[in-house]
There are 2 protein chains.
Amino acid sequence: MKTTETSSNLLLDKQICFALYSASNAMGRAYRPLLTTLDLTYLQYIVMMVLWQYSTMNVKELGNKVHLDSGTLTPLLKRLEAKGLIIRARSKEDERVRIISLSDQGSEMRDKAEQVPTEMLCKSKMTIEELTILKQSCELLLENLKE
Amino acid sequence: MKTTETSSNLLLDKQICFALYSASNAMGRAYRPLLTTLDLTYLQYIVMMVLWQYSTMNVKELGNKVHLDSGTLTPLLKRLEAKGLIIRARSKEDERVRIISLSDQGSEMRDKAEQVPTEMLCKSKMTIEELTILKQSCELLLENLKE
DNA sequence: CAAAAATAGATTGTGCGCAACTAGGTTGCT
DNA sequence: AGCAACCTAGTTGCGCACAATCTATTTTTG
């Protein structure tokens with residue numbers, strides 16, 4: 001029996017990953033106006049968040065945290081440095097390693113950023129329960145797709 | 001009382017959107033090897049899927065389907081045209097409108113693409129139930145973030 | 001200890017996403 | 001008819017993501 005149109009695997013409305021992809025894009029768009037006051041992109045904001053939490057970190061460690069490599073991070077870190085938010089030093093023990101740390105200006109930004117997650121929560125119009133389910137689903141998929 | 005470190009809003013592990021963002025990136029990486037045989041990127045594959053389903057569509061309609069605008073779609077459609085997969089015609093009724101349709105080569109690709117969703121399902125290592133929850137969560141967020 | 005292997009990060013090139021803007025066509029209003 | 005308002009698509013410029021490749025340094029190993 002020939003596969004009918006409605007039972008095909010190739011229908012947009014059936015695609016889980018497309019829903020994920022579209023939601024992720026929409027999320028980025030929703031963050032944008034909240035981050036313009038900080039003059040940060042979403043990824044820059046995430047990297048700053050890691051630094052607010054850990055103070056200092058090399059590129060490798062940072063990459064592990066945010067699941068990205070130097071191809072993405074190096075130019076981004078240069079831009080953050082150009083904005084005066086971070087310092088990109090070399091390790092004394094291992095000259096290959098870049099040690100990323102916050103500048104005073106970068107540290108100070110943290111207070112202004114505190115409200116961003118709350119505003120985003122509000123924009124989502126979802127309950128904590130719904131968001132927790134979404135987060136756990138995403139983390140499960142992420143874990144399963146590793147290597 | 002001062003907010004303690006662990007109760008801050010700005011901890012990476014608390015970020016729902018970061019989980020979504022990371023899962024979406026991981027999804028794109030997982031699709032890549034499945035799509036190299038078709039010589040398509042993920043978004044190109046999605047656009048082809050829309051065309052396999054609807055045969056013909058203008059840029060506006062396509063944009064509504066995939067939640068993207070001409071700034072993203074125009075260059076992508078030019079690349080698909082350059083590969084010989086689609087035809088970008090002008091509407092006779094309204095000269096502003098581009099009518100996108102499948103070439104024979106583009107139509108034929110559908111058979112080769114049929115297995116891709118199955119392979120991806122396997123890669124996810126998740127049950128249909130888990131994936132349905134993920135899909136519905138993403139669709140809810142996407143809907144709530146619209147304008 | 002010298003050559004080989006491994007590692008950290010930087011670089012290059014392609015393709016998105018998206019905001020802002022432009023060009024050109026259509027519609028509506030008087 | 002004339003023209004303003006609107007609409008569709010295209011263009012530009014920036015910042016990711018990512019594979020592939022490169023450089024410089026460190027570690028391992030014969």
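Letters A, B, ... are given to chains in the order of the sequence lines, protein chains preceding strands, and every chain is numbered from 1. Just so you know, these numbers come straight off a predicted model, no measurement behind them.
- Here the straight-line distance linking atom OG of S22(A) with atom CG of L141(B) works out to 11.0 Å at 0.5 Å rounding.
- Rounded to whole angstrom, the span from the CG atom of L73(A) across to the P atom of dT11(C) amounts to 14 Å.
- If you check residues 30-51 of chain A against DNA chain D, the residues with a heavy atom closer than 4.0 Å are T41(A), L43(A), Q44(A), listed by number.
- Listed by first and then second residue, the side-chain hydrogen bond (donor to acceptor under 3.5 Å, both in side chains) pairs that reach into residues 85-95 of chain A are E81(A)-R88(A), S91(A)-E93(A), D94(A)-R96(A), sequence neighbours excluded.
- Among the atoms of the strands shown, none is found under 4.0 Å from any heavy atom of E61(B).
- Closest to the side chain of T72(A), from the set dC16(C), dC16(D), dT11(C), is dC16(D).
- Protein atom CG of L76(B) is 13 Å distant from nucleotide atom P of dC18(C), rounded to whole Å.
- Taken together through direct or relayed side-chain contacts under 4.5 Å among Ile, Leu, Val, Met, Phe, Trp and Tyr, L73(B) and I87(B) form parts of separate hydrophobic clusters.
- The aromatic rings of F18(B) and H67(A) sit parallel to each other, their planes meeting at less than 30°, with 60° as the upper class boundary.
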Please enumerate all protein N or O atoms sitting under 3.5 Å from an N or O of nucleotides 4-8 of chain C, with distances to 0.1 Å.
residue: dT7(C); atom: O2; partner: R96(A); partner atom: NH1; Å: 2.6
residue: dA8(C); atom: OP2; partner: K60(A); partner atom: NZ; Å: 2.7

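- Residues V59(A) and Y54(A) fall within the same hydrophobic cluster, defined by Ile, Leu, Val, Met, Phe, Trp and Tyr side chains chained together at heavy-atom separations under 4.5 Å.
- Between S70(A) and dG9(C) there is no side-chain N or O to OP1 or OP2 distance below 4.0 Å.
- The separation between L77(B) atom CG and dT8(D) atom C1' is 13 Å, rounded to whole Å.
- Computed from coordinates, the N25(A) CG to dG15(D) C1' distance equals 14 Å when rounded to whole Å.
- R79(A) has a side-chain polar atom (N or O) that falls below the 4.0 Å cut-off from OP1 or OP2 of dC16(D).
- Side-chain heavy-atom separations under 4.5 angstrom define the hydrophobic clusters, and L142(A) shares its cluster with no other residue.
- The CG atom of D39(A) lies 8.5 Å from the OG1 atom of T36(A); values are rounded to the nearest 0.5 Å.
- Note: CZ (R90(A)) to P (dT23(D)) measures 15 Å, nearest angstrom.
- Grouping Ile, Leu, Val, Met, Phe, Trp and Tyr by side-chain contacts under 4.5 Å, direct or through others, puts I133(B) with I133(A).
- An OP1 or OP2 oxygen of dG10(D) is reached within less than 4.0 angstrom by a side-chain nitrogen or oxygen of R88(B).
- For the pair E95(A) CD and dT27(D) P, the computed distance is 12 Å after rounding to whole Å.
- In this entry the distance linking CG of L80(B) with P of dG15(C) reads 11 Å, nearest Å.
- The distance from atom CG of L68(A) to atom C1' of dA19(D) is 14 Å, rounded to the nearest whole Å.
- Within the structure, the salt bridge (charged side-chain N to carboxylate O under 4.0 Å, His left out) test picks out the following pairs touching residues 120-138 of chain B (sequence neighbours left out): K135(B)-E139(B).
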